[in-house]
Each structure stands twice: as C-alpha cells, then as structure tokens.
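What follows is a short report on a single structure.
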Amino acid sequence: MLELRDLVKHYHVGDAEPIRAVDGVSLSVAAGEFMALYGPSGSGKTTLLELIAGLTPADRGSVLVEGRDVGAMSTRESDHYRLRQLGIIGQPHNLIPGARAIENASLRLWLTNKRHARRTIEPLLDRLGLGERMMHRTEQLSMGERQRVLIAMALATEPKLVLADEPTGTLDTQRTREVLALLRELCEERGVAIVLATHDPQAAMFADQVHELRDGRIGEYRPEHVLVPASSLSDLDAELD
C-alpha cells in the first residue's frame, strides 16, 4: 500500500547546519496494517507525514502509494489523492466551531460532491458511538467525542491510507485507549493502512509495527514501558464493548 524509499527532507536556515527533518527513511505499510512512528517533538514525525500527504516536496527519495509516486503527481492528481485516497486525522481544534458533529464529519463528502452525504456518514458516526450526539455542535462535544468526529471525517471517503498526527494528545488515558481501539478496529475492517505519529508509548501499543524516529532517522524502538502486543488486544476490545 505505502512504500517510502530513502526519503530525505532537509531545511536550510542561513549559514547554519541544515535541519535534517527526514534523513533517509525507508518503510512500508500493507493494506489493513497499523504502523506507529514513535518519537519526541522535533524528531521529524510531522514532516514525514507531510511528505506522505504530498504537502511537502522531498529533497530525495520517493513516496509510493499503491505503486504511484506521490511526488510525481500533478496538482490535480495531488488534490484528488488527498481528498479521496487519503484520510488525515487532525486535532480537535480543526473542527468547525458551531457546526454539528454530522456536518463536520460530512465535510469531505460534500467536497467530493457525493450525493446523500449525511445519509452516508450516519452509519459511521453510529459505529463510533456518536449516534445520539451527531446533532450536537462542536462546543457541546467532549474531547473524546470530537476526536471520533475527526476519525469519521477521515474515513468518510473510504480512503486506502490514513495519517494520524498525535490524534490523542488532548485525551486522558481511558479515552486514548477507547479511540485507538476503535480506529484500529475500523481500519482492519476496511483494509485501510494507517500511519500514526505519536510520542505516547500507550498509543504505540496498538500498532502492528512500531518505528522510533529521532533526528529524522529510523532506529530501534525502545519504549520506556513494556507494551501490550497488538495480538493480545482482544481482551481490551471486549472490555470496551
């Protein structure tokens, strides 16, 4: 699904040494696979996601999605890729103030001129536990509920790939577990590849594979705490049902 080949992005500021945001990263993620990029702030995680999304051009290397080179796409092809093939889960403050949950979640469907957008999004919101909250406005939703709206928005167009940049950074421990368990389950059901950028070891434990990113380079993942293997999450799923 996704393949990164020797991806490089450096930033030059005056005569100082270049900032090596991404420095020779090679990775692959299969359909239905959940990959976590673990690292502290400033490690290059966000830049790497921007390269995958085609929002930032690479200095060297390539981003391949289903065999297509994102960097070689025309402007029109890039827009189509981001709107239809790619889902991006942002932060709760990205929701439109005053809009209802169902309106926020349907935004990408409206942008693709999809008929019956609200009818399409309702089952997904219900699946995410927002069936009775979909008519509530952004300010009336908890932080966990807002994050679920963002997941619905990202998955609305049935993308092949989802990027999530610190999606649970504003949530407490219990809400983090609930949101990530739901996200993992939905992506498995739909065969969606997901790349999660996080500095939280708890978030990383939901992934099939975890890579540590420091100073733009991929290294061995060494969590501070022992994590629960993805294969043993069935008990957690049962707990959340």
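What you see below is based on every heavy atom in this structure, not just the backbone, and it leaves out hydrogens, waters and symmetry mates.
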TODO: Show your reasoning for whether side chain to side chain contact (heavy atoms under 4.5 Å, CB included) applies to Gln202 and Arg177.
DONE: CA-CA 8 Å; Gln202 180 186 213; Arg177 287 160 60 92; 2.9 Å; yes
Open item on the list: Using every non-hydrogen atom in the two residues, find where Arg82 and Gly54 come nearest and quote the distance to one decimal.
Closed with: NH1-O, 3.1 Å
Open item on the list: Looking at every heavy atom in both Ala31 and Met1, which two are closest together, and how far apart are they?
Closed with: N-CB, 3.7 Å
Task: Residue pair Ala197 / Leu49: nearest heavy atoms and the distance that separates them - done: CB-CD1, 3.8 Å
Open item on the list: Does Asp215 have more than 12 heavy atoms from other residues, nucleotides or ligands lying within 6.0 Å of its CG?
Closed with: no
Task: Contact summary for Leu150 and Gly90, nearest pair of heavy atoms - done: CD1-O, 3.5 Å
TODO: Measure the shortest side-chain to side-chain distance between Asn104 and Arg146 over non-hydrogen atoms and say whether it is less than 4.5 angstrom.
DONE: no
Task: Distance-only side-chain donor-acceptor flag, Thr176 / Asp200, under 3.5 Å - done: no
- [ ] Say whether, by atom type as modelled, one donor and one acceptor occur between the side chain of Gln147 and the main chain of Gly144 under 3.5 angstrom.
- [x] no
Task: Donor-acceptor contact present, side-chain Gln140 to main-chain Arg137, <3.5 Å - done: yes
TODO: Taking the side chain as every heavy atom from C-beta outward, state whether Arg190 and Leu155 have any atom pair closer than 4.5 Å.
DONE: yes
Task: Under 3.5 Å: donor-acceptor pair, side chain of Asp6, backbone of Gly61 - done: no
Task: Leu130 and Arg148, any side-chain heavy atoms less than 4.5 Å apart - done: yes
Task: Gap separating the OG1 atom of Thr56 from the CD atom of Glu50, nearest 0.5 angstrom - done: 4.0 Å
Open item on the list: Let me confirm one number: the OG-CZ distance from Ser26 to Arg5, rounded to the nearest 0.5 Å.
Closed with: 9.0 Å
TODO: Decide if atom CZ of Arg133 counts as having more than 12 heavy atoms of other residues, nucleotides or ligands within a radius under 6.0 Å.
DONE: yes
Task: Residue pair Gln209, Glu33: steps toward the side chain to side chain donor-acceptor pair (under 3.5 Å) verdict - done: CA-CA 8 Å; Gln209 57 169 310; Glu33 189 173 29; 3.3 Å; yes
Open item on the list: If hydrophobic clusters are built from ILVMFWY residues whose side chains come within less than 4.5 Å, do Leu51 and Val162 share one?
Closed with: no
- [ ] Count the heavy atoms belonging to other residues, nucleotides or ligands that lie under 6.0 Å from CD of Glu189, then report whether that count exceeds 12.
- [x] yes
- [ ] Ignoring hydrogens and angles, state whether a donor on the side chain of Thr46 or Asp165 is under 3.5 Å from an acceptor on the partner side chain.
- [x] yes
Open item on the list: So, taking the atom named CD1 in Ile194 and the one named NZ in Lys160, what distance separates them when rounded to the nearest 0.5 Å?
Closed with: 15.5 Å
- [ ] Have a look at Asp23 and tell me which of Arg60, Lys9, Arg217 forms a side chain to side chain donor-acceptor pair (under 3.5 Å) with it.
- [x] Arg217
Open item on the list: Could you walk me through whether Leu107 and Leu109 satisfy the side chain to side chain contact (heavy atoms under 4.5 Å, CB included) test, starting with their C-alpha distance in whole Å, then the side-chain angles of each, then the deciding distance to 0.1 Å, before giving a yes or no?
Closed with: CA-CA 5 Å; Leu107 181 60; Leu109 291 171; over 6 Å; no
- [ ] Determine whether Leu183 and Met35 fall in the same hydrophobic cluster, where Ile, Leu, Val, Met, Phe, Trp and Tyr are linked whenever their side-chain heavy atoms lie under 4.5 Å apart.
- [x] no
Task: Candidate pair Glu212 and Lys45, rule salt bridge (Lys or Arg N to Asp or Glu O under 4.0 Å), full reasoning - done: CA-CA 10 Å; Glu212 186 160 343; Lys45 302 188 304 296; over 6 Å; no
TODO: Give a yes or no on whether the backbone of Glu103 and the side-chain of Ser106 come within a donor-acceptor separation of less than 3.5 Å.
DONE: no
- [ ] Applying side chain to side chain contact (heavy atoms under 4.5 Å, CB included), run through Val8 and His10 and close with a yes or a no.
- [x] CA-CA 7 Å; Val8 172; His10 295 170; 3.6 Å; yes
TODO: Give a yes or no on whether Leu196 and Val63 share a hydrophobic cluster (residues Ile, Leu, Val, Met, Phe, Trp, Tyr; joining criterion: side-chain heavy atoms under 4.5 Å apart).
DONE: no
- [ ] Grab the two heavy atoms, one from Val22 and one from Gly44, that are nearest each other, plus how far apart they are.
- [x] CG2-O, 4.0 Å
- [ ] Identify whether Ile102 and Leu182 are in the same connected component of the hydrophobic contact network (ILVMFWY, side-chain heavy atoms under 4.5 Å).
- [x] yes
Open item on the list: For the NE2 atom on His136, are there more than 12 heavy atoms of other groups (residues, nucleotides or ligands in this structure) within a distance under 6.0 Å?
Closed with: yes
Open item on the list: Using the rule that Ile, Leu, Val, Met, Phe, Trp and Tyr join whenever any side-chain heavy atoms are under 4.5 Å apart, tell me whether Phe34 and Leu4 fall into a single cluster.
Closed with: no
TODO: Take atom CD of Glu158 as the centre, draw a 6.0 Å sphere, and report whether it contains more than 12 heavy atoms from other residues, nucleotides or ligands.
DONE: no
TODO: For the pair Glu3 (side chain) and Val29 (backbone), establish whether a donor and an acceptor sit closer than 3.5 Å, ignoring hydrogens and angles.
DONE: no
Task: Note, Glu77 side chain near Arg68 side chain (heavy atom, < 4.5 Å) - done: yes
TODO: Would you check if the side chain of Thr138 reaches a backbone N or O of Ala99 as a donor-acceptor pair within less than 3.5 Å?
DONE: yes
Open item on the list: Let me confirm one number: the CD1-CD1 distance from Ile89 to Ile151, rounded to the nearest 0.5 Å.
Closed with: 5.0 Å
- [ ] Apply side chain to side chain contact (heavy atoms under 4.5 Å, CB included) to the pair Arg118 and Trp110, showing each step before the final yes or no.
- [x] CA-CA 9 Å; Arg118 292 177 61 151; Trp110 289 335; 4.2 Å; yes
- [ ] Drop me the distance from Glu178's CD to Arg175's CZ, to the nearest 0.5 angstrom.
- [x] 4.5 Å
Task: Side chain to side chain, Pro167 and Val179, heavy atoms closer than 4.5 Å - done: no
TODO: Taking all non-hydrogen atoms of both residues into account, name the closest pair between Thr198 and Ala204 and its distance.
DONE: CG2-N, 4.3 Å
TODO: Could you tell me whether Glu139 atom CD has more than 12 heavy atoms of other residues or ligands within 6.0 Å of it?
DONE: yes
Open item on the list: When you compare the side chain of Arg184 with that of Asp208, does any pair of heavy atoms fall below 4.5 Å?
Closed with: yes
- [ ] Please examine the side chains of Leu27 and Ile218, heavy atoms only from C-beta on, and report whether any two atoms are closer than 4.5 Å.
- [x] yes
- [ ] Enter the distance from Glu166:CD to Leu37:CG here, rounded to the nearest 0.5 Å.
- [x] 10.5 Å
Open item on the list: Would you say Arg108 and Thr157 are linked by a side-chain donor-acceptor pair, where the criterion is simply a distance under 3.5 Å?
Closed with: yes
TODO: Please check if the distance between the ring centroids of Tyr221 and Tyr38 is under 6.0 Å.
DONE: yes
Open item on the list: A side-chain contact here means heavy atoms from C-beta on lying under 4.5 Å apart; do Pro159 and Gln85 qualify?
Closed with: no
